[in-house]
Colleague: 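I have a structure here, written as structure tokens, and I will follow up with some questions on it.
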Amino acid sequence: MMKNQRILITGALGQLGLALIRELSKQENTYVLATDINIPKNELSVDFEQVNALDKNRLESLITKHEFNCIYHFAAILSANGEQNPFVSWDVNVNSFQVVVSLAIQHNIQRLFWPSSIAVYGRDKNPINAPQQVDMNPHTIYGVSKLASEKLIRYYHHKYNIDIRSLRLPGVLSTDLVGGGTTDYATEMVQAAKNKMPYTCFLAPQTELPMIYIDDVIMAIQQLMETDFSVRQQAHSYNIMGFCLTPRKLEVQLKKLGFPVVVNYNPDYRQQIAESWPRTTDDQLAKKDWGWSPKFDLKKSVRRMLS
Ligand code: SER
């Protein structure tokens, strides 16, 4: 990590933001300002301001005041919610990215992190081991906006030499329930099992998707942000994944761990979204370039979430 970090987080109350805040709070010589369009439900361990990530003036005054040298840009509308209003989704996902990157260039911010997603792949690319680089035709506005921003990273990198680091994330398992994603079923099912409630799953039992445990995501973000990169490496959105999951596999795992959850299957429009995504992704490049190596398999992830 950079010394004397001054960090701005947008969309800080989402699944990634909340976990990153917990991690960054442990670090010395680090100032963190969390921002989000919503207000926190519980008290945070860092400073907080309610800010819309599209509000350039507001963000600029905060950057001037706090002299940030690093930004984590998490503000986004996820895949399932995005389909309710594609125009708003593009606006939030792409234009907030544009706002943050333009401010970073103007104010000489050293490094940015921005998460991409497996949603960049399309229905024609629903393979096992989806390659890092392949032609992509995303099926959702979320995927389209993520792919456009991946292209923008490359473009800005060449044009302004700005250092934006990125991971192409699969579904993330954590205990922070957020909502609006297609992979949310996993977190919801574990929560239901924990609360001894029945669960109605919106995906079919055999739907395979790549997943990862949140601690592995935070570890990957930190590794990626610390690595000394060559110019070639900086502009990648690296595939990473932990394990391949289906709703049925998760149900069976919960039962094995002594949580006899009753799951009903009632697939809705999110089934089509899930089927347009890869079942597993090839993360060799991340392994080769910066030593990516996941620590959590399904059993370990679920155990941690139940404890
Ligand atoms: N977890 C996200 C979603 O389901 C995928 O990046 O929308």
Side-chain angles (χ1 to χ4, degrees), residues 11 13-20 72-86 88-90 92-94 96-97 113-123 125-126 130 132 136-150 153 166-191 201-204 207-218 220-221 237-247 250 267-281 283 286 294 296 301 305:
L13 300 182
Q15 208 183 10
L16 302 178
L18 289 171
L20 186 70
Y72 290 82
H73 179 46
F74 293 139
I77 295 181
L78 292 180
S79 59
N81 274 0
E83 292 310 295
Q84 312 309 319
N85 192 333
V88 172
S89 180
W90 172 273
V92 171
N93 294 355
V94 182
S96 73
F97 179 85
F113 177 82
W114 171 82
S116 185
S117 159
I118 49 163
V120 294
Y121 294 96
R123 188 184 288 140
K125 294 281 172 336
N126 173 230
Q132 172 72 37
M136 289 163 174
N137 299 297
H139 181 67
T140 57
I141 190 68
Y142 176 69
V144 172
S145 64
K146 288 288 184 191
L147 185 56
S149 303
E150 281 195 13
I153 291 184
S166 179
L167 297 172
R168 205 182 271 148
L169 293 175
V172 177
L173 274 81
S174 80
T175 44
D176 297 307
L177 277 182
V178 178
T182 303
T183 55
D184 292 10
Y185 84 84
T187 296
E188 291 174 6
M189 196 192 292
V190 176
Q191 201 66 28
C201 184
F202 54 78
L203 295 184
T207 315
E208 288 183 305
L209 285 169
M211 295 276 175
I212 192 168
Y213 185 59
I214 186 72
D215 287 17
D216 273 341
V217 177
I218 299 301
I221 292 177
S237 227
Y238 284 94
N239 277 350
I240 59 168
M241 69 168 283
F243 45 90
C244 179
L245 188 64
T246 69
L250 180 58
D268 63 17
Y269 69 101
R270 288 168 278 194
Q271 182 64 31
Q272 271 203 353
I273 300 179
E275 284 172 15
S276 76
W277 291 352
R279 288 171 280 169
T280 59
T281 57
D283 54 6
F296 284 80
S301 309
M305 288 168 82

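Atoms within a ligand are numbered from 1 in the order they appear, just like the ligands themselves. Values reported hereafter were calculated over all heavy atoms of this structure, with side chains retained and with hydrogens, waters and symmetry mates removed. The first residue of the sequence shown is numbered 1, and numbering continues consecutively from there.
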Colleague: Among all protein heavy atoms, pick the one closest to atom 4 (O) of ligand 1 and tell me residue, atom and distance.
Modeller: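 The closest heavy atom on the protein side is T182 N, 2.6 Å.
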
Colleague: With side chain to side chain donor-acceptor pair (under 3.5 Å) as the test, would you mind laying out the steps for S79 and T140 before giving the verdict?
Modeller: CA-CA 7 Å; S79 59; T140 57; over 6 Å; no

Colleague: Counting only nitrogen or oxygen atoms and a 3.5 angstrom limit, does Y142 reach ligand 1?
Modeller: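 Such a contact does occur with ligand 1.
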
Colleague: Is it the side chain (CB and beyond), the backbone, both or neither of Y185 that lies under 4.0 Å from ligand 1, heavy atoms counted?
Modeller: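 Under 4.0 Å from ligand 1, Y185 contributes no heavy atoms.
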
Colleague: What closest approach, in Å, do L203 and A274 show between heavy atoms, and which atom pair accounts for it?
Modeller: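 Nearest pair, atom of L203 first, then A274: CD2-CB, 3.9 Å.
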
Colleague: Is a side-chain donor or acceptor of S145 paired with a backbone partner of V94 at a separation under 3.5 angstrom?
Modeller: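 Judged by distance alone, no pair lies under 3.5 Å.
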
Colleague: Kindly give the heavy-atom pair with the smallest separation between G179 and L78, and that separation in Å.
Modeller: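 That closest heavy-atom pairing would be O-CD1, 3.9 Å.
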
Colleague: Treating E150 as the side-chain partner and S116 as the backbone partner, does any N or O pair qualify as donor plus acceptor under 3.5 Å?
Modeller: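 Between the backbone of S116 and the side chain of E150 there is no qualifying donor-acceptor contact (under 3.5 Å).
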
Colleague: Which protein non-hydrogen atom lies closest to atom 1 (N) of ligand 1, naming both residue and atom, and how far is it?
Modeller: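 For atom 1 (N) of ligand 1, the nearest protein heavy atom comes out as T183 OG1, 2.8 Å.
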
Colleague: With atoms numbered from 1 as shown, which atoms in ligand 1 lie under 4.0 angstrom from a non-hydrogen atom of L78?
Modeller: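 This gives 7 (O) as the contact atoms.
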
Colleague: Side chain of Q271, backbone of A204: donor and acceptor closer than 3.5 Å?
Modeller: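 Here the side-chain-to-backbone pair exists.
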
Colleague: Within the 4.0 Å heavy-atom shell around S117, which atoms of ligand 1 are there?
Modeller: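 Ligand 1 atoms under the 4.0 Å threshold to S117: 5 (C), 6 (O).
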
Colleague: Measure the distance from atom 7 (O) of ligand 1 to every protein heavy atom, then report the residue, atom name and distance (to 0.1 Å) of the closest one.
Modeller: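 The protein heavy atom lying closest is S79 OG, 2.6 Å.
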
